[in-house]
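A quick write-up on the structure given underneath.
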Amino acid sequence: QEKKTIAVSIPAATHGWTGGVVYHAQKAAEEINAAFPNIEVTVKTSPSAAAQVSALEDLTASGNLNALVILPFSSDELTGPVQSVADAGTFITVVDRGLTDPEIQDLYVAGDNIAVGSTTAKFLVDNLGGKGDVVVLRGIPTVIDDERIQGFEEGLEGSDIKILDIQYANWNSDEAFSLMQDYLAKYPHIDAVWANDDDMLLGVLEAIEQSGRTEIKYALGGNGMKEIIEKVMAGDAMTPIETPYPPSMIKTAIYMTAAQFNGQAPVRGTVKLDAPLITKDNAEEYYFPDSPF
Amino acid sequence: MILEPAQSLAGAVPLMQLSELSKAYGPVTVLSDVNLDIRAGEIHAIIGENGAGKSTLMRVISGHVKPTAGTIRLAGREVTFNSPVVAEHAGIALVHQEILLADGLTVVENLFLGRERTRHGVVDDRAMEQIAWERLKALGSTASPRDLVRNLPIAQRQLVQIARALLEDHRVVIFDEPTAVLTTAEVDTLLGIVRGLRDRGVAVLYISHRLNEVEALADRITVLRDGKMIGTYEAAAVTQEDMARLMVGRELSMLYPPKRGVSTLPPVLEIEHLSVPGFVTDASLVARPGEVLGLGGMIGAGRTELFEGLLGLRSAKVGQVRVKGKPVRIHSVADGVDAGIGYLTEDRKGKGLLLRERLAPNLVLTALSRLYRKPYIEQKLEARELDRAIGEYDIRVRSKRLEAGQLSGGNQQKLLLAKIMMLDPQVVIIDEPTRGIDIGNKSQIYSFIDALIRAGKACIVISSELQELVGLCDRILVMRAGSIVAEFSGDDITEEAVVLAATSGGPTAAAGGDSL
Amino acid sequence: MTDIAAPPQREPFTQRINWVDIGPFIALAVLILAGVIINPDFLSPTNIANVVTRSAFIAIIAVGATFVISSGGLDLSVGSMAAFVTGIMIMFMNAMVPSMGANAIIAGMALVLCVGALCGLFNGLIVTVGKIEPFIVTLGTMGIFRALITFMSDGGNIPIDRSLREPFRPVYYGNFVGIPIPIIVSIVVALIGAFILYKTKFGRRCAAVGANEDVARFSGISVGRIRTMAFVIQGICVAIAAICYVPRLGAATPTTGLLWELQVITAVVIGGTALRGGKGRIWGTIAGAVILEMIANLMVLSNFISEYLVAAVQGVIIIIAMLVQRFSKQP
Amino acid sequence: MTDIAAPPQREPFTQRINWVDIGPFIALAVLILAGVIINPDFLSPTNIANVVTRSAFIAIIAVGATFVISSGGLDLSVGSMAAFVTGIMIMFMNAMVPSMGANAIIAGMALVLCVGALCGLFNGLIVTVGKIEPFIVTLGTMGIFRALITFMSDGGNIPIDRSLREPFRPVYYGNFVGIPIPIIVSIVVALIGAFILYKTKFGRRCAAVGANEDVARFSGISVGRIRTMAFVIQGICVAIAAICYVPRLGAATPTTGLLWELQVITAVVIGGTALRGGKGRIWGTIAGAVILEMIANLMVLSNFISEYLVAAVQGVIIIIAMLVQRFSKQP
Ligand SMILES: Nc1ncnc2c1ncn2[C@@H]1O[C@H](COP(=O)(O)OP(=O)(O)OP(=O)(O)O)[C@@H](O)[C@H]1O
Ligand SMILES: Nc1ncnc2c1ncn2[C@@H]1O[C@H](COP(=O)(O)OP(=O)(O)OP(=O)(O)O)[C@@H](O)[C@H]1O
Ligand SMILES: [Mg+2]
Ligand SMILES: [Mg+2]
């Protein structure tokens, strides 16, 4: 029977997490292409929303696209373009970020960025006894970043935990390092630090270690980077927990999409990946030693 | 009388032999079959009209340009110079007609560019500055080794360039119009140095449009016309008149137009109390229609700066400026143009023309708004203007598609004059009108000037060439060290008087004038 | 020596000039050939239409950049300026919808053009009045515009009002006699640009200022004014690009137009305009913009390049494109 | 005219030159003053030490950039080159650990210097042999190096071997007579750079090539070789920066050195080196690098700036810094 093509459109590997996404996407593609000769999966990365729209146009130009798995750069910007792909009768799987018009997508594998923020916040509320001073490092001004901060602030509501400062560090460990050094210079007392991505957490930890400051009880991140999971497994005092945002969600999505071309009935609807608290006890299941992330 | 080309004397083996040298740019032939032999220990003058091919010939000899045909023999052996560097290693140095220095660098850096002196690996600034200082002093330059070339007036740059060529000993030294931008004092010093070179057995090739220099200096003279050899002559056998005739190929009418006498008409331009910090202090002058007002002085007297200040090209303090009695405020060249003042810069390559741009755009650049009432440009109109200018000012171009930089020096000057005249200004200020211009063109330019005076305009001529000032001007102001120190008119105008006023017992007073 | 007549056999000059102009198009041709070999779909009408349409943003902005660069300037702020003016436009239109309905689009367009011009004026004045390297000035304003859009969007994004999406859509997706609107717009912009640069006094002066500032000043050209004007033109071009951009992505975000400045300058330089100023080459610029977009397109269409290496291949192709030109120039 | 008077007292010139050199330091002083007013902690030893240490990478690379720029070139690839060589170094050291143990660090340093020099040579040769605008060439290689590091790290990061972490750490965190090592390194690099640029034939010719290529060529200087050498020096500086960088976070990632090129060029220009080439000013460059890092630091220490507007304020300050210089130059 004739070959079915699945296109996967994801952001380029500009930092750790997107790197993980690319990795898992390519793995899935290789596995499926090998396993099912009648299915052809191609992965395309784009450095920006505009580029992703372009990529969509290019992928559909040839007109023989059966399914699209997309991790949109931002909801508003990609909604229109994905709509036009859907109009061509292509099966649409949206990953991580929903489109502004949910009607468009056939399958939605949802990450929950708000949860990433709020889970972390709740942990701090519980473990700091409901009060304390925290500083926050946020990433590149995008929806992901915005939602996580939003979730975090919601999570803190009602407690006496005070956010001393929030600044952008662009999901970049170096900038996080500098920023943390400056936070330390600026605030004589800090109870906890939250970097809304593990890349930044690496920089934060170095800065703290160098400063020799002892009052800082927690330095937390998010995304489930393997280096950090390792810390959690090792029962690290400063980073005892982690909130997953597994880039592997793209792999899940690709497999679920591919299934329908393999005899099974197409899966539709929404699959929500929760963002549970990773602790020493359950860390193993979130640990992928061979993933770059 | 008829002149016999000199037979090359038996015995004296030529140091350098050019045979059947030709150079063509595309279809344009610039040099055809030039045969020339140059002897050690002679000063060999090359003369010819603008565009005759003198500079091109020199560029060929010094490896800047590859000949399209012909051979060069150096001390009997045939040589081909792929680059100036090769030629220089063979002992051939060229002082370019146009000034080739890096303005961003200091005098000493330019002098020693590519030949830095070092003491165990470290550049030895002290030594280089000392040498630079001596060489410049010897050339009578006032520039300090640490001056940025950018800040030097053109004459000083020329001296630096000469110093650069003489920095190391060469077998052949070529001067392409070295004195074009120099005043009498520097010229004398230079001539002395050139003679010194000859006496040390160096072969000197010397290009100049100042025939008096050639007469005073040359042992032999080669005349070029339209890129062809007219002949090589023993200097002793030819007079300036002969040279002029051989170059131009026709009898010359007299050089200077008859004077018009001091004008009494109401002034067109009145400048009161103009000062340019560092250059000019409290200068006042009036220019009247119907007379040529000359502005004399040593290099560095501040003449150029005076007018650059007037036109807002330098920061200046102005008491008052009146044009035709009406006070005007001038902050830019554009204001000047509106007020009817046209200024022709002394630095035609640096400030006058876009060398890499075609002729027509250069011609109309200043006059754009006058030429086109409408916002857009019609090439046709432009082309017509170019034809007119080419005819009116007798600009010799082989093709109208040339870039301005490809015109010979003299023709560039005419193009520049045409460019200024397109604004038909009330007052024309010409800084060094005939710098690097051949005798034929000179008399033409003088008659242009005369014509516009007769057309009721006023004209101010800044010139470092005494002969020119005295021959051309009806009234002369002399500047020294930034202020106007003397005025001559009518019969008081003599070279001696002007030189004396310009130097007035200054160190170079003795040297002044007498080469003329 | 006085033969004045311009003889038709002045080949070397005519040729040299033509070659410089043709260079980018040769590179383009080579690229298209490569494209067809890599993937036959490349030449499919839809694909070509898509690619050229996309290149419109960069092309339009790059036309403005051609003015700035040929007048001896440089503008690094175009990318964030595009984001900023897009944001302004969307916010304004959204605010106007209740009162004006779809006409808000017209109003928005008018506004964004003014804002763009003002942004350009701002750049131009700092450069000319403050006498600071354009590189630094526009690097500064790049930060400023980027920050403003981040501020306006609270770090999130500014979507266009639903009711406007449909009426606005055609500006990007619509077409006229089969030619997508953005292509038509950029051709028009290029035509106007070429006219201004080659056929007006201003254009002449622009080139003169870029070629030799002294000569320009001595010729009574107000260097500052010309430079500033060039920046204003740049700003207007950015605004026009923004107008085409909005319907495509329907929102302004802090990442809108990221790194466009590099693409724009690259397009201009690939197009044969020298960064040190002087003669500008509008049509070459357009070709340059298309080349860049085509490279990106080929990256997607080709299947043998590891995702990680795309940027590398693009870099290589850009350099090769320049080499192709270089050598096409020596006939 | 025969007697050679001693060279004249040249006050005006020494003065003029000094002003240009002092400019950046005046700007720096002003900035520090502002800093103290904004937040007294600013002058705390730790903070100053942190800031200056952080500025070391940019400073070191910028010393190299001073050569490239003063020779009339430009290098946009330094950021990704830094990431690339860092990656190479780490992978190599990790591979060597089993056999060499901690000596792997020495070997790694030696290797990275060679690799850096080669990367620079690569840039230089394409620019000079291919005769392509440095802007385009290095824009291309920027993509290439960035892609290579992304490829090497599978988009993730390349951490340094645990066993090397400790022995290597001091190179960034350690200090000598109380001065952090990176500061010492950058001072040494600057000293050497200043010596080469001001006191050797090569340095002089660098400036000459940048000031006027034709004149340089007529003077028998091989322009190509000088330009290429400048790029090689740039490469070596990048490698040195990489050596100080590795121990800081102990990993290379695709985001390492992102946008450093802009900071580097800005530092050089703020330092008083003209982008069009000519005289380079090493010490000004160092000041420029510190200024940039300090601005970033102040942004965090000050309380009254919305996180969204940081970039804007930085942009404004950079422009002001240039203005301060401009006017400090007219005494
Ligand atoms: N690159 C070029 N392309 C075409 N023609 C050129 C080029 N360079 C020079 N020419 C032409 O060669 C002729 C000779 O020029 P050259 O400079 O040698 O004259 P010259 O004798 O030095 O005149 P002048 O006394 O004014 O310096 C001129 O007609 C000039 O237009
Ligand atoms: N930018 C500068 N900085 C320092 N000194 C300068 C500068 N420009 C010129 N000079 C000096 O100022 C004086 C005026 O030079 P200027 O060229 O105006 O003299 P001039 O009378 O015009 O001579 P010329 O015959 O060359 O026109 C000279 O001493 C010159 O060395
Ligand atoms: Mg000549
Ligand atoms: Mg003068």
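To find a chain, count down the sequence lines: A is the first, B the second, and so on, and within it residues start at 1.
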Practice prompt. Please report the C-alpha distance between Asn123(D) and Gln234(D) in whole Å, then the side-chain angles of each, then the deciding distance to 0.1 Å, and finally whether the side-chain contact (heavy atoms from CB on, under 4.5 Å) criterion is met.
Written response: CA-CA 10 Å; Asn123(D) 279 332; Gln234(D) 171 72 88; over 6 Å; no
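Proximity to chain C involves both the backbone and the side chain of Thr266(D), based on heavy atoms less than 4.5 angstrom apart. The parts of Leu275(D) that come within reach of chain C are both its backbone and its side chain, each placing non-hydrogen atoms under 4.5 angstrom from that chain. In this structure, chain C has heavy atoms under 4.5 Å from both the backbone and the side chain of Ala274(D). No part of Met152(D) comes within reach of chain C, as not one of its non-hydrogen atoms sits under 4.5 angstrom from that chain. Within the 4.5 angstrom heavy-atom criterion, only side-chain atoms of Ile126(C), from C-beta onward, approach chain D.
Salt-bridge formation is not detected for the pair Arg217(C)/Glu213(C): no Lys NZ or Arg NE/NH1/NH2 atom is positioned less than 4.0 Å from an Asp or Glu carboxylate oxygen.
Looking only at heavy-atom pairs under 4.5 Å with chain C, the residue among Pro254(D), Gly140(D), Ser306(D) that has the most is Gly140(D). Among Ile265(C), Thr141(C), Leu148(C), Ile270(C), the residue making the largest number of heavy-atom pairs under 4.5 Å with chain D is Ile265(C).
If you check the side chains of Thr128(C) and Thr228(C), you find a donor sitting under 3.5 Å from an acceptor. Donor-acceptor pairing under 3.5 Å is recorded for the side chains of Thr66(D) and Thr285(D).
Residues Met81(C) and Asp75(C) are in side-chain contact: their nearest non-hydrogen atoms beyond the backbone lie under 4.5 Å apart.
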